[in-house]
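Beneath this line is the structure, given in structure tokens, with notes to follow.
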Amino acid sequence: MNLISSFENGSRLEIMFRPDITEANNHNEVQKLGLIHLAFSTGSKEKVDTLTERLRNEGLEIIGEPRTTGDGYYESVILDPENNIIEITE
């Protein structure tokens with residue numbers, strides 16, 4: 001079940017519910033209860049590429065290189081210092 005809300009300023013909030021997810025420690029390869037990821041929109045593919053390289057150069061781990069996803073988003077995926085998944089979208 002998904003709930004997606006869009007706001008006048010272009011922001012979107014997506015809340016997902018999956019009863020098959022069990023508790024797990026904060027590990028980027030395992031679905032878990034609570035926060036799964038945050039996504040930030042940059043406005044363009046070029047900005048996704050630029051920000052991804054900047055974060056790579058600053059030592060953050062890139063776990064998903066820039067690409068177009070199956071649902072049509074151009075994004076990259078990084079881990080923050082606490083292993084939270086951050087999506088950088090166009």
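The chain is numbered in sequence order, starting from 1.
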query: What residues form a side-chain contact (heavy atoms from CB on, under 4.5 Å) with Glu87, not counting sequence neighbours?
result: His37, Ala39, Glu75, Val77, Thr89
field: Straight-line distance of Leu60 CG to Asp80 CG, nearest 0.5 Å
entry: 8.0 Å
- request: Measure the NZ-OG1 distance between Lys47 and Thr52 for me, rounded to the nearest 0.5 Å.
  value: 13.5 Å
- prompt: Would Leu38 and Ile78 show up in the same hydrophobic cluster when neighbours are defined by side-chain heavy atoms closer than 4.5 Å?
  reply: yes
- request: Enter the distance from Glu46:CD to Tyr74:OH here, rounded to the nearest 0.5 Å.
  value: 8.0 Å
query: Rounded to the nearest 0.5 Å, how far apart are OG of Ser76 and CG of Asp49?
result: 8.0 Å
query: Which residue pairs pass the salt bridge (Lys or Arg N to Asp or Glu O under 4.0 Å) test when at least one of the two sits in residues 63-72, sequence neighbours left out?
result: Arg56-Glu65
message: If I take atom OG1 from residue Thr50 and atom CZ from residue Arg54, how far apart are they, to the nearest 0.5 angstrom?
response: 10.5 Å
field: Ser41 side, atom OG; Ile88 side, atom CD1 - distance, nearest 0.5 Å
entry: 11.0 Å
- request: Evaluate the criterion side-chain contact (heavy atoms from CB on, under 4.5 Å) for residue pair Thr42 and Leu51; output intermediate values, then yes/no.
  value: CA-CA 9 Å; Thr42 63; Leu51 183 54; 4.3 Å; yes
- prompt: Has the side chain of Thr68 got a donor or acceptor atom that lies under 3.5 Å from a matching backbone atom of Gly72?
  reply: no
